[in-house]
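Everything on this sheet refers to the single structure shown next.
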Amino acid sequence: MEQSESEIVASRRAKLKRFREELGFEPYGQREDGLLALSDARTRFSEDAHVAFDLASKEAKAAGTAVNAAADTRAVVRVAGRVVQHRDMGKLVFLFLRDATGDLQISVSKSSVAANAFELAKHADYGDILVAEGPIGRTNKGEICVWATSISLGTKSLAAPPEKWHGLTDPELRYRRRYVDMYANPETAKVFAMRARIVSRIRRFMDARGFLEVETPVLQPIAGGAAARPFTTHHNALDMPLFMRIAPELYLKRCLVGGMRKVYEINRNFRNEGIDRSHNPEFTAMEVYEAFGDYGTMMELTESLIHDLAVSMIDERRAAGLRVDADLAEGGPTLPWGELAINYAKPFVRVKFEDLFRQGAGCEMRDFAAVRAKARELGLHHEAKLDDWLVVNEVFEECAEPLIDPCRPTFVTDYPSAVSPLTRPSRTDPALCERWDIFIGGMEVGPAYTELNDPDIQLAKFTEQLKGADDEESTFRTLDEDFVESLRVGMPPAGGLGIGIDRLVMLLTDSASIRDVILFPLLKSMGASSPDAGASDESGKGA
RNA sequence: GAUUGCGUAGCUCAGUCGGUAGAGCAGCGGCCUUUUAAGCCGUAGGUCCUGGGUUCAAGUCCCAGCGCAAUCACCA
């Protein structure tokens with residue numbers, strides 16, 4: 001049953017036993033009060049106190065007496081952290097502890113601690129969690145450290161650690177063993193700390209503008225609000241199929257019907273589709289709805305929010321050691337993202353879909369014959385099967401989107417109505433609708449609409465959409481009649497917005513992949529059975 | 001789904017033309033009271049991703065599969 005363990009694990013187990021039985025340390029620790037974060041402990045260092053103590057020590061040594069306790073004004077700190085460096089000099093041991101705030105050296109002199117504590121320091125392994133207490137001073141070489149007067153064991157680590165200099169670099173291992181990645185590569189932990197602050201800033205921004213944060217169903221009987229393949233599940237007691245939501249949109253609109261004026265939700269969506277650098281099957285989105293607003297109010301809100309976040313990232317990124325190219329004095333925060341230097345100065349770029357189309361395709365988008373010719377020229381061979389406006393959309397994505405300057409946040413406005421089923425058509429030009437998409441760094445970060453609130457048009461658009469569904473799609477695409485009914489009750493005119501939080505965090509933290517901003521991204525499971533072995537397993541699962 | 005690349009010790013990586021499996025770190029045993037990837041002496045550690053094939057001989061060449069990455073496709 002017990003697998004034979006590696007030599008390293010075996011020796012760590014032997015140490016655990018020795019620490020417990022010979023040295024009297026509980027290998028899994030206990031409550032510790034009064035612990036300081038390592039970065040806070042470091043700030044308690046006083047050069048004056050250190051120099052005064054150093055002088056008193058030398059005088060006492062020359063005189064052959066003990067140091068007068070009153071001469072030691074160094075702050076005493078109590079800290080805990082994981083061992084990431086260990087240098088044994090014989091009767092003096094230097095080790096570095098690490099916590100989420102940084103690293104701090106602990107210097108353990110045989111003459112300053114109990115015999116069992118010195119043995120513990122001497123034999124501590126990379127990865128062990130230690131608790132140390134003592135005055136904060138520095139070494140001859142200038143390293144600020146805790147001169148330990150006591151050391152105890154927080155937790156013994158049994159697993160083999162990563163390489164101490166290169167850390168964990170294999171991307172697969174970093175994602176699969178994120179708990180190791182987070183301490184072995186401090187920049188990983190910094191990205192997630194920044195993500196947390198970005199999300200809380202977004203909430204403060206929305207709250208300050210009077211939006212109410214609500215929570216709507218993740219388990220939905222009908223997966224609406226977007227066109228994506230949902231994950232399916234089943235409720236046993238009610239014996240009903242359920243879908244993980246692909247978007248909260250239809251529920252948030254019901255909130256407007258119910259009388260909420262301004263609502264938002266920050267939560268997970270789930271889409272059963274491909275995985276790549278900007279797609280994870282579960283991702284975080286913020287959706288916003290404002291009664292009596294429109295896509296213009298959403299544009300102002302989005303521009304202000306993203307600009308404010310970018311400004312706040314100047315200090316964040318400097319503190320985390322990330323690049324910042326320019327500051328506000330030069331026209332707006334410029335935050336590098338990979339090879340791109342993205343400038344978040346207001347106002348963001350605005351360009352009409354129709355104009356960008358003309359520029360990219362070289363013809364008018366309403367000249368469908370020319371558009372179809374262009375599509376064939378581009379090699380879009382399924383062009384003949386598509387509606388005119390879908391061809392327009394494909395040609396746009398192919399020819400026009402690449403023209404958007406990736407270094408400037410850009411609103412593309414006034415999309416064709418035909419590709420936007422939840423959006424209100426323009427009153428002056430019904431072929432177009434009041435919708436924009438914002439692009440940053442070549443990524444689509446989010447769309448916004450003036451919401452369609454005419455129940456008859458909405459019903460017609462849903463019905464039209466369902467007609468085009470193939471067999472597979474029709475298993476999860478169902479008309480949400482209750483939503484249409486809510487529109488009959490009456491939804492005020494409104495603006496709505498969706499923003500991909502993960503993508504925004506990627507841009508703000510200079511992360512190349514969505515997996516770098518999601519703590520535990522989805523990977524294939526390693527223990528998965530082979531296809532033939534799996535068949536018998538599967539039938540046994542539900543019981 | 002397609003193409004390309006990668007998969008060797010716990011980790012980071014070498015491995016030439018097909019000819020006995022290598023280093024550093026980590027580990028283990030020593031030495032050292034000011035180290036900064038500490039150093040020095042000694043020692044141990046391998047399913048070369050898996051399965052086939054070619055060959056006197058395969059980590060290396062061929063085929064299939066698995067995993068990861070990048071690019072493309074898909075995702076209105």
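Lettering follows sequence order; numbering is per chain, from 1.
- Judged by the 6.0 Å and 45° rule, A/Arg74 forms a cation-pi pair with A/Phe53.
- The side chain of A/Asp88 has B/C32 as its nearest neighbour among B/U34, B/A76, B/C32.
- Side-chain proximity of A/Asp125 to B/C68, B/U12, B/C28: nearest is B/C28.
- Set against B/U12, B/U71, B/A37, the side chain of A/Leu173 has B/U12 as its closest nucleotide.
- Under 4.0 angstrom from either OP1 or OP2 of B/U34 there lies no side-chain N or O belonging to A/Lys91.
- In terms of phosphate contacts, A/Arg515 brings a side-chain nitrogen or oxygen within less than 4.0 Å of OP1 or OP2 of B/A69.
- Base pairing annotation: B/C48 forms no Watson-Crick or G-U wobble pair, as no partner gives both donor-acceptor distances under 3.5 Å.
- Of the candidates B/U36, B/U34, B/A76, B/U36 carries the atom nearest the A/Gln105 side chain, counting heavy atoms from C-beta on.
- Among B/A69, B/U12, B/U33, the nucleotide with an atom closest to any side-chain atom of A/His166 is B/U12.
- Rounding to whole angstrom units, NZ of residue A/Lys524 and C1' of B/G67 are separated by 8 Å.
- Summarising the geometry, the separation between CZ on A/Phe94 and P on B/C32 is reported as 15 Å, rounded to the nearest angstrom.
- As judged by a 4.0 angstrom heavy-atom cut-off over every strand, A/Ser109 is placed among the base-contacting residues.
- Which of B/A26, B/C68, B/G27 sits closest to the side chain of A/Pro161 comes down to B/A26.
- Here A/Glu394 lies out of heavy-atom contact (under 4.0 Å) with every strand.
- Here, B/A64 and B/A70 have their C1' atoms 23 Å apart, quoted to the whole Å.
- The nearest whole Å value for the distance from the CG atom in A/Leu466 to the P atom in B/A76 is 14 Å.
- Shown here, B/U54 forms no base pair; nothing in the strands shown gives a Watson-Crick or G-U wobble contact with both key distances under 3.5 Å.
- Distance check on atom P: B/C28 versus B/C72 gives 47 Å, rounded to whole Å.
- Base pairing analysis places B/U43 opposite B/G27; the two distances defining the Watson-Crick or G-U wobble pair are each below 3.5 Å.
- No engagement by A/Ser107 is indicated, since no non-hydrogen atom pair under 4.0 Å with the nucleic acid exists.
- In this structure, the nucleotide among B/G67, B/A37, B/G45 sitting nearest to the side chain of A/Arg176 is B/G67.
- Screening A/Leu16, A/Val9, A/Ile8 for a side-chain contact (heavy atoms from CB on, under 4.5 Å) involving A/Arg12 leaves a single residue, A/Ile8.
- With rounding to whole Å, A/Glu339 atom CD is found 15 Å from B/A70 atom P.
- Protein atom CD of A/Glu273 is 12 Å distant from nucleotide atom P of B/C74, rounded to whole Å.
- Looking at which nucleotide of RNA chain B each of A/Asn140 and A/Glu163 is closest to, the 5′-most match is held by A/Glu163.
- A salt bridge links A/Glu451 with A/Lys253: the distance from a Lys NZ or Arg NE/NH1/NH2 to an Asp or Glu carboxylate oxygen falls below 4.0 Å.
- Of the possible donor and acceptor atoms, one in the side chain of A/Asp99 sits under 3.5 Å from a partner among the backbone N and O of A/Leu38.
- Regarding contacts with the backbone of B/U34, every side-chain N or O of A/Arg138 stays at 4.0 angstrom or more from both OP1 and OP2.
- A/Gln465 and A/Thr463 form no side-chain donor-acceptor contact under 3.5 Å, judged by distance and modelled atom types alone.
- Using the Watson-Crick or G-U wobble rule with both distances under 3.5 Å, B/U33 pairs with nothing in any strand shown.
- Distance noted for atom P between B/A44 and B/G29: 15 Å (whole Å).
- The pair A/Asp454-A/Arg424 fails the salt-bridge criterion, with no side-chain N (NZ, NE, NH1 or NH2) lying under 4.0 Å from an Asp/Glu carboxylate O.
- Side chain of A/Glu172, nearest nucleotide from B/A44, B/G67, B/A69: B/G67.
- If you check every strand for non-hydrogen atoms under 4.0 Å, A/Tyr126 touches nothing.
- Looking at the side chain of A/Ser11, the nearest of the listed nucleotides B/C75, B/U36, B/C28 is B/C28.
- Taking the C1' atom of each, B/U55 and B/G18 are spaced 9 Å apart, rounded to whole Å.
- The shortest distance between the side-chain N/O atoms of A/Thr169 and the OP1/OP2 oxygens of B/C13 is below 4.0 Å.
- Computed from coordinates, the A/Asp276 CG to B/A70 P distance equals 9 Å when rounded to whole Å.
- As judged by a 4.0 angstrom heavy-atom cut-off over every strand, A/Arg12 is placed among residues making no nucleic acid contact.
- Note on A/Leu386: nothing from the nucleic acid sits closer than 4.0 angstrom, heavy atoms only.
- Atom CD of A/Glu249 and atom CG of A/Leu497 lie 10.5 Å apart (nearest 0.5 Å).
- A donor-acceptor contact under 3.5 angstrom links the side chains of A/Asp516 and A/Tyr175, judged on distance only.
- For the P atom pair drawn from B/A2 and B/G65, the interatomic distance equals 9 Å after rounding to whole Å.
- Going from the C1' atom of B/G39 to that of B/G45 covers 23 Å, rounded to whole Å.
- Whole-Å rounding puts the A/Arg477 CZ to B/C75 C1' distance at 10 Å.
- The A/Arg277 side chain lies nearest to B/A70 when the options are B/A70, B/G27, B/U36.
- Once rounded to the nearest 0.5 Å, the distance linking CD of A/Glu133 with OG of A/Ser150 reads 5.0 Å.
- Partner assigned to B/G5 is B/C68, using Watson-Crick or G-U wobble distances below 3.5 angstrom.
- A gap of 32 Å separates the P atoms of B/G46 and B/C32, to the nearest Å.
- Side-chain N/O atoms of A/Lys164 include none lying less than 4.0 angstrom from OP1 or OP2 on B/C25.
- With both pairing distances under 3.5 Å, B/G18 is matched to nothing as a Watson-Crick or G-U wobble pair.
- Here the separation of B/U47 from B/G59, taken at their C1' atoms, is 13 Å to the nearest Å.
- For A/Lys110 and A/Ile275, each mapped to the nucleotide of RNA chain B holding its nearest heavy atom, the one lying further toward the 5' end belongs to A/Lys110.
- Between the CZ atom of A/Phe96 and the C1' atom of B/A26 there is a distance of 18 Å, rounded to whole Å.
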